[in-house]
Protein chains: 2
Amino acid sequence: MDSPVITPPPSTASQVHDWLRRRVQRGDLAPGARLSETEIANEIGTSRQPVREAFIRLAGDGLAEVRPQRGTYISKISVSAVLSARLIREAVESDLARMIATQRPARVLAAMREEIDHQRRADDRAEVEAFIESDDRFHRLLAAGAGHEAVWNDLERLKAQMNRLRHLSMRAFDRAHTIRQHVDILDALEAGDADAAERALRTHLRQMLTELPRIAVQKPEYFTE
Amino acid sequence: MDSPVITPPPSTASQVHDWLRRRVQRGDLAPGARLSETEIANEIGTSRQPVREAFIRLAGDGLAEVRPQRGTYISKISVSAVLSARLIREAVESDLARMIATQRPARVLAAMREEIDHQRRADDRAEVEAFIESDDRFHRLLAAGAGHEAVWNDLERLKAQMNRLRHLSMRAFDRAHTIRQHVDILDALEAGDADAAERALRTHLRQMLTELPRIAVQKPEYFTE
DNA sequence: GCGGCTTTACTTGTATGGAAGTATGGCTTA
DNA sequence: TAAGCCATACTTCCATACAAGTAAAGCCGC
């Protein structure tokens, strides 16, 4: 019998932290934007302390920088950090794809097919947020299918950097292109062709290498390095 | 002309954080150990607030858990987290090794050879800490050689979990074995044989798969999952 | 002896005031 | 006009007090 998991009621600080993190990832808070303990505290009706602690956690996520006596700012998107994160994802997901190609777990492959359908619908309706979430689930299934779902959580911090970029760059063309590449990956996995799956996956993730410069030129004030 | 990089004086909170993190990684603070804001504050002569903020950062590193109204504890070593971290490292370093094998940057290869000498000396003198540090530098050179040193920083959080295990498991036999495997890797890199380098590296990192169960049985109270 | 309640000593969470550092705009002075 | 000083209005950091929840020891009644 499973024991129920007892979770303590979320503290003010952690709620503020979650709220800020979501806003940063969605691009609602722009890179370089200034935050103020006092201002947010007044806004939500608490003292400065919980807000301050939320800032510390946000800095721990790499999404903000606290400069003593000067102010707290949303981190700009570091080009080199994005490139590193991308390289890591490519390496890890390649290995995961090879594992799946040899095991071909039916339920996971079916779930991936379903996500692709989901992405088609989201694309038709131009629902950007839903598309991104399904895209995330598709890649998460790679880890789950290989029996290493925990890997995905470890990459959370890295993905945070890439997610901000994705919210900036997502266009209708990109979505259609992404779906085609997902199909290529899944076809190779279902065929049990590890080499083809790895190639398709690396191609897919290298897409970002062409998007990054485009966005960096378009919104240079959002980037560093 | 390079401008000097201005770093603000380290705050009390960040100093406490650094201190705690080092102690956790060296195994000085055992997994499951209890921490107290008040106790540490009195010990170092400050108020609870900076200590508390150091706890928050430590929790962000995945090295502690703050349980509201109950206490703060050093995280136990999560078996699944270690396995995930290992899998990620294997995937990433394999790719890095392949890059180096094709480029063969002379200075980096020489530096790696030097680190191996360093490791031999540390092994002779049974200097565990020095050995581990050199081991770290050896692997870091993989990233640097491939022109992606930033990757290594991104893996810092993952390595933190593995480092604690390494401090628990390090024996004279392991050190000698590690050195031999480092030589295998470097030989393959210098020969420009990407496949051999990848094989040697994966073999090396899979060593942990045999060490983990041994330690987990020996000190079960340090582990979860 | 033993189950259950109460007290008490802890824990972390939040509020608030002041200290110290930084940036900015305006004034002074040449 | 322009350079330099200075007051002022911020910022984060730290200290302190109090609030609220937890856990364990001890007492009480049976």
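All values reported here derive from a predicted model rather than from experimental measurement. Residue numbers begin at 1 in each chain, while the letters A, B, ... track the order of the sequences.
Straight-line distance from the CD atom of B/Glu53 to the P atom of D/dA15: 10 Å, rounded to whole Å. The separation between B/Arg34 atom CZ and D/dA24 atom C1' is 11 Å, rounded to whole Å. Here the P atom of nucleotide D/dC13 and the CZ atom of B/Arg57 are 8 Å apart, to the nearest Å. Atom CG in A/Asn42 sits roughly 11 Å away from atom P in C/dT16 (whole-Å rounding). If you take CZ of A/Arg67 and P of C/dT22, they are 13 Å apart, rounded to a whole angstrom. Here C/dT16 presents its P atom at 12 Å from CD of A/Gln49, a figure rounded to the nearest Å. The nearest whole Å value for the distance from the CZ atom in B/Phe55 to the P atom in C/dT12 is 6 Å. B/Glu37 has its CD atom 14 Å from the P atom of D/dC14, to the nearest Å.
With hydrogens and angles left out, the side chain of B/Gln69 and the base of C/dT12 share a donor-acceptor pair within 3.5 Å.
Shown here for B/Arg57 and B/Ser11, the closest heavy-atom pair between the two residues is NH2-OG, 4.1 Å.
Side-chain contact between B/Leu205 and B/His139 is present, with at least one heavy-atom pair separated by less than 4.5 Å.
At a threshold of 4.0 angstrom between heavy atoms, the contacts of B/Ile56 with the nucleic acid are absent.
A/His182 pairs with exactly one of A/His177, A/His204, A/His118 by the ring-ring contact (aromatic ring centres under 6.0 Å, His included) rule, that one being A/His204.
Taking CE of B/Met162 as the start and CG of B/Leu83 as the end, the distance is 10.0 Å to the nearest 0.5 Å.
Remark: B/Arg48 is not in phosphate contact with D/dT16, judged by side-chain N or O atoms under 4.0 Å from OP1 or OP2. Residue A/Thr72 has no polar side-chain atom (N or O) positioned under 4.0 Å from OP1 or OP2 of D/dT11. Taking side-chain N and O atoms only, A/Thr12 has a distance below 4.0 Å to OP1 or OP2 of C/dT14.
Comparing D/dA15, D/dT12, C/dT11 by their nearest atom to the side chain of B/Ser36 picks out C/dT11. Nearest to the side-chain atoms of B/Ser47 among the listed nucleotides D/dA15, C/dT11, C/dT12 stands D/dA15. If you check D/dC13, C/dG13, C/dT11 against the side chain of B/Ser11, the one that comes closest is D/dC13. Set against D/dA15, D/dT12, C/dT11, the side chain of B/Pro50 has D/dA15 as its closest nucleotide.
Taking 4.0 Å as the cut-off between side-chain N and carboxylate O, A/Asp95 and A/Arg98 do not count as a salt-bridged pair.
Mapping B/Pro9 and A/Thr46 onto DNA chain C by nearest heavy atom places A/Thr46 closer to the 5' end of the strand.
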